[in-house]
Amino acid sequence: MSDRPEALPPDWPEESAQRLAKAAQLREMGIDPYPTRYERTHSLGDLIARWGERTMEELEQEGASVRIAGRVLTRRGQGKVSFATLTDGDARLQIYVRADDVGERGYRVFDLLDLGDFVGVAGTVMRTRRGELSVQVRELTFLGKALLPLPDKWHGLSDVEIRYRQRYVDLVANQEVRRTFVARSAMVSEMRRFFDARGYVEVETPMMQPIAGGALARPFVTHHNALGLDLYLRIAPELYLKRLVVGGLEKVYEINRNFRNEGISSMHNPEFTMLEFYTAYFDCRDVIAFTEELLAAAARRLAPSGSVRFREREVSFQIPFRRLPMKQGVADALAAHGMAGAAEALEDPKTLDGLVGTQGFRDLCAKEKVDAGAYAGLSHGKRVVQLFEDFVEESLWEPTFIVDHPVEVSPLAKTYAEDPRVADRFELFVAGMEIANGFSELNDPLEQRGRFLDQLREREKGDAEAHRMDDDYVRALGHGLPPTGGCGVGIDRLAMILTNSPSIRDVILFPHMRPEGGRDRD
RNA sequence: AGGCCGUUAGCUCAGUGGUAGAGCGCCUGCCUUUUAAGCAGGGUGUCGUGGGUUCGAUCCCCACACGGCCUACCA
C-alpha cells in the first residue's frame, strides 16, 4: 500500500481542508470515514414504492424498521433536530434526525456530515407533520467522506466543460443526465432483446484491422510493436460480420464502437456506437421491414406511444415509415425551388450536367448556401447524391427510408438486375440525420473485386475515403455468401432522438474533448 | 481547418481604467417537524495564461490555451 499523503492536491478549494479536518475528527472518535460495506434493507426507490402512499397514521402504526443509505444532498438543521435529503442516484428521500433518538455521539456524527458525504441510516419509516415521507433515524453510520463540494444545490452544474470532463459531478448534480443514460441503456437492451428473441447471435469482431473497410471514412492509425505493423481502428465491422455469414452464422449482430478520424460536431463523435446486423436470405426489402420493427420497438420502450419530441418537434415511429426513392426526393425538392425539368435531368447524365451549369442552379445554390462548385467533375450518380445531401437530407424529419442509391457510392451493395446503375440499398433518415444504412449484400466475389478496383481508381484520383482492396474478403465471398441483407444503425443518434438530446455529447458519457491543461506544442 | 462568442469565489452569475460583488455552498453562534428552513455575524479570489498600452489593467490592444455555437469533412 502506498503512503497516504497528508496534503491535499494544490488546486483543491479551501473547503476541502475543512472537510478533511472533519474526517480527522471522525477518526478521533474511532469512526472510519471510509468503511467497506453497509447492509441495506431497501433502496430509496424501493422504500418509496412500498410506503410512499401510506398516511402518517398508517406508517406510525406499522413502525416499519429499515436500513437505507445514500449521499447527503441537502441539510436543514434546527438545533437538536435536523433533516437531510439523501440520494442513491435513482431516488431521493428525507431523513429526520433527533438528538434524543440518536444520542449525543450520533448527533455529533450527523454534525460532521457534509453535503456529498455518504451515510447509512437505520430507523423507522414515518411521515412528518408537513406530510413528507421520511426515515426517522435511530442509528447513523458514516459511509464515505467527500472532500470536494458539490455544485450549487439549485442552479446545479451548467458549465458544459465540467459536465463532460467530470461526468460524475454532472450525474450527481443533474438528474436528467442520469435519466438520459438510463434511457439509452434501456433502448440498447430492448434492441438486444429484439435480436435475441429472433435467434440472432451477438458477436464481437476486430477493433484493430489491417485494412479499415466496410465504410467510406478516414481511419485512426495505431501501431503493433511486436509485429512491427500499423493497424487501423475500425470504421465499421461490416466485412467481418459478412465473413461470419459465409461461415454459417446466418443471423449475426454486433453493437460496438466505430472510430472515424473526422470532425466533431453535435452529430459526430470520433468514436461512436453502431449496431450492425446481417440476415442470410434477406434482401433489402426484408431488412427495411425488420429495421422498421426494431426501431419502433426501441422507441416504444422509451415512449409507449411510439412518438417522441425532439428539438421541439414531434417524431413518430409509427409503422410504416415513409419510403422515398432518392431521385424522387431530389426532383421534388428541386421542383419546390422552381427548378423545372429536374426529374428528367436526373435520368440523363448529359441533361443533369447541363442543369448544374445553369445560372438558375447557381443562384439556387447561393440562396441555399450550397457550394455550386462541388458539382463540377462529379459522376452522374455522385451528383444525384450531392443534390440529395444539399437539398433533401435536412428536411427529412419523420422516419424516411431513402432507397435506390447510385452504385458509385455503394461498393458493397447488390444492384438491381434490371438496372446495374442502382444499388438495392436504403438509408433511414430521422430528424434530418442519417440513422441507418442497409442493403442487399453484394455476394458475387468477382463483381466485388471489380468494385474494389473501381474504388482503388477513386483513391488514386485523391479520394482518401475510397475503399482499399481486401483480398481476404473477396476470398471469403469466393467460398460463398448466401443471399444476405444487412444494416447498420447509429445508436448514439437514435438515442439523441429518443431522449430529446440536442447534442450527441448528451448521450455519450465521456465525449471526446481536448486533454485538460492544453496539448503539447508540436 | 474558418467565423462569431465566452473564460471573474467551490457552484450560478453581476461588475468597474484606481487592488472586486450577489445568491447558494462554506465557517462561527442560536433554534426539537424542516422543505431553496430561518435569524445574527464572517468574503473564502492568480478576475484563463503570457506580453503590450498606461502613473495605474480584471477591464483597452495582441498572442496563446480551453470551451460553446455556426460553417466545412462525416454517421
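In this text the structure is predicted, and so the values were computed from the model without any measurement. Chain naming here is simple, since letters A, B, ... match the order of the sequence lines and numbering starts at 1 in each.
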>> Among residues at least two apart in sequence or on other chains, which ones pass side-chain hydrogen bond (donor to acceptor under 3.5 Å, both in side chains) with A/Lys382?
In response: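 Partners of A/Lys382 by the side-chain hydrogen bond (donor to acceptor under 3.5 Å, both in side chains) criterion, ordered by chain and then number, come out as A/Glu458.
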
>> List the residues meeting side-chain hydrogen bond (donor to acceptor under 3.5 Å, both in side chains) with A/Thr484, not counting sequence neighbours, and say none if there are none.
In response: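 In terms of side-chain hydrogen bond (donor to acceptor under 3.5 Å, both in side chains), with neighbours along the sequence ignored, A/Thr484 is linked to no residue.
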
Using atom [atom1] in both nucleotides, what's the gap between [N] and [M] to the nearest angstrom?
{"N": "B/G48", "M": "B/U12", "atom1": "P", "result": "15 Å"}
{"N": "B/U34", "M": "B/G41", "atom1": "P", "result": "24 Å"}
{"N": "B/G3", "M": "B/G15", "atom1": "P", "result": "28 Å"}
{"N": "B/G38", "M": "B/U58", "atom1": "P", "result": "37 Å"}
{"N": "B/U46", "M": "B/G42", "atom1": "P", "result": "22 Å"}
{"N": "B/U19", "M": "B/C55", "atom1": "C1'", "result": "15 Å"}
{"N": "B/U54", "M": "B/C60", "atom1": "C1'", "result": "10 Å"}
{"N": "B/A57", "M": "B/U16", "atom1": "C1'", "result": "11 Å"}

Using whole Å, report how far [atom1] of [X] lies from [atom2] of [N].
{"X": "A/Arg163", "N": "B/U12", "atom1": "CZ", "atom2": "P", "result": "11 Å"}
{"X": "A/Lys369", "N": "B/G2", "atom1": "NZ", "atom2": "C1'", "result": "16 Å"}
{"X": "A/Arg165", "N": "B/C66", "atom1": "CZ", "atom2": "P", "result": "9 Å"}
{"X": "A/Leu86", "N": "B/U35", "atom1": "CG", "atom2": "P", "result": "18 Å"}
{"X": "A/Asp371", "N": "B/G2", "atom1": "CG", "atom2": "P", "result": "18 Å"}
{"X": "A/Leu20", "N": "B/G10", "atom1": "CG", "atom2": "P", "result": "18 Å"}
{"X": "A/Ile264", "N": "B/A1", "atom1": "CD1", "atom2": "P", "result": "11 Å"}
{"X": "A/Met496", "N": "B/A75", "atom1": "CE", "atom2": "C1'", "result": "11 Å"}

Which part of the nucleic acid, if any, lies within reach of [X] when heavy atoms closer than 4.0 Å are counted: base, sugar-phosphate only, or nothing?
{"X": "A/Leu150", "value": "nothing"}
{"X": "A/Gly490", "value": "nothing"}
{"X": "A/Asp159", "value": "sugar-phosphate"}
{"X": "A/Leu148", "value": "nothing"}

>> Of the listed nucleotides (B/C70, B/G67, B/A75), which one gets closest to any side-chain atom of A/Phe272?
In response: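 Given the options B/C70, B/G67, B/A75, the side chain of A/Phe272 is closest to B/A75.
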
>> From the set B/A75, B/G10, B/C26, return the single nucleotide nearest to any side-chain atom of A/Pro149.
In response: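 The answer is B/G10, which lies nearest to the side chain.
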
> Hey, is the main chain of A/Arg311 close enough, under 3.5 Å, to the side chain of A/Asn500 for a donor-acceptor pair?
Replying inline: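 Side chain of A/Asn500 to backbone of A/Arg311: a pair is present.
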
>> Looking at A/Glu262 and A/Ala217, would you say the former's side chain and the latter's main chain have a donor-acceptor pair under 3.5 Å?
In response: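 Here the side-chain-to-backbone pair does not exist.
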
> What is the glycosidic conformation of B/U19: syn, defined as within 90° of 0, or anti?
Replying inline: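 It is syn.
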
Which side-chain N or O atoms in residues 399-407 of chain A pair as donor and acceptor under 3.5 Å with protein atoms at least two apart or in another chain?
from: A/Thr400; atom 1: OG1; to: A/Glu398; atom 2: O; distance (Å): 2.7
from: A/Asp404; atom 1: OD1; to: A/Tyr416; atom 2: OH; distance (Å): 2.6
from: A/His405; atom 1: NE2; to: A/Glu427; atom 2: OE1; distance (Å): 2.7

> Does any residue of residues 212-220 of chain A have a heavy atom under 4.0 Å from RNA chain B, and if so, which ones, in number order?
Replying inline: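 Per residue number, the list reads A/Leu216.
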
> For A/Arg459, which residues count as a salt bridge (Lys or Arg N to Asp or Glu O under 4.0 Å) partner, sequence neighbours excluded?
Replying inline: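 A/Arg459: no salt bridge (Lys or Arg N to Asp or Glu O under 4.0 Å) contacts found.
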
> Can you name the residues that form a salt bridge (Lys or Arg N to Asp or Glu O under 4.0 Å) with A/Glu434, not counting sequence neighbours?
Replying inline: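 Expected list: none.
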
> Which range-with-range stems can be found for RNA chain B when each stem has 3 or more Watson-Crick or G-U pairs in a row and both distances sit under 3.5 Å?
Replying inline: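 When the pairs of RNA chain B are grouped into runs of at least three, the stems are B:1-7 with B:65-71, B:10-13 with B:21-24, B:26-30 with B:38-42, B:48-52 with B:60-64.
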
> Looking at A/Arg514, does any N or O in its side chain come under 4.0 Å of the phosphate oxygens OP1/OP2 on B/A65?
Replying inline: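 Negative; the distance criterion is not met.
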
> Can you list every pair that meets salt bridge (charged side-chain N to carboxylate O under 4.0 Å, His left out) and has a residue in residues 122-136 of chain A, with sequence neighbours left out?
Replying inline: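 Every pair satisfying salt bridge (charged side-chain N to carboxylate O under 4.0 Å, His left out) with a residue in residues 122-136 of chain A: there are none.
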
> Of all residues at least two apart in sequence or in a different chain, which pass the ring-ring contact (aromatic ring centres under 6.0 Å, His included) check with A/Phe452?
Replying inline: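 For A/Phe452, the residues satisfying ring-ring contact (aromatic ring centres under 6.0 Å, His included) (neighbours in sequence not counted) are A/His467.
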
> Listed by chain and number, what are the ring-ring contact (aromatic ring centres under 6.0 Å, His included) partners of A/Phe194, not counting sequence neighbours?
Replying inline: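 For A/Phe194, the residues satisfying ring-ring contact (aromatic ring centres under 6.0 Å, His included) (neighbours in sequence not counted) are A/Phe290.
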
>> Checking salt bridge (Lys or Arg N to Asp or Glu O under 4.0 Å) between A/Glu271 and each of A/Arg257, A/Arg260, A/Arg234, which is the one that passes?
In response: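 Testing each of A/Arg257, A/Arg260, A/Arg234 against A/Glu271, the sole residue satisfying salt bridge (Lys or Arg N to Asp or Glu O under 4.0 Å) is A/Arg257.
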
>> So, applying salt bridge (Lys or Arg N to Asp or Glu O under 4.0 Å) with A/Asp170, which one of A/Arg163, A/Arg178, A/Arg165 is it?
In response: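 Running salt bridge (Lys or Arg N to Asp or Glu O under 4.0 Å) over A/Arg163, A/Arg178, A/Arg165 with A/Asp170 returns exactly one hit, A/Arg163.
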
> Taking the nucleotide of RNA chain B with the closest heavy atom to each, which residue, A/Glu15 or A/Glu427, is nearer the 5' end?
Replying inline: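 The 5'-side residue here is A/Glu15.
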
Check the interface with nucleotides 20-24 of chain B: list each N/O to N/O pair with the protein under 3.5 Å, or write none.
from: B/G23; atom 1: N2; to: A/Asp152; atom 2: OD2; distance (Å): 2.7
from: B/C24; atom 1: O2; to: A/Asp152; atom 2: OD2; distance (Å): 3.2

If only side-chain N and O atoms count, and only distance matters, is there a donor-acceptor pair under 3.5 Å linking [Y] with [X]?
{"X": "A/Gln61", "Y": "A/Arg54", "value": "no"}
{"X": "A/Ser440", "Y": "A/Asp424", "value": "yes"}
{"X": "A/Asp159", "Y": "A/Tyr164", "value": "no"}

> How does protein reach along nucleotides 27-34 of chain B, written 5' to 3' as B (base within reach of a heavy atom under 4.0 Å), S (only sugar-phosphate), or - (no contact)?
Replying inline: S---BBBB

> Which of parallel (below 30°), tilted (30 to 60°) and perpendicular (above 60°) describes A/Tyr96 and A/Phe83?
Replying inline: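 Judged by the thresholds at 30° and 60°, the geometry between A/Tyr96 and A/Phe83 is parallel.
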
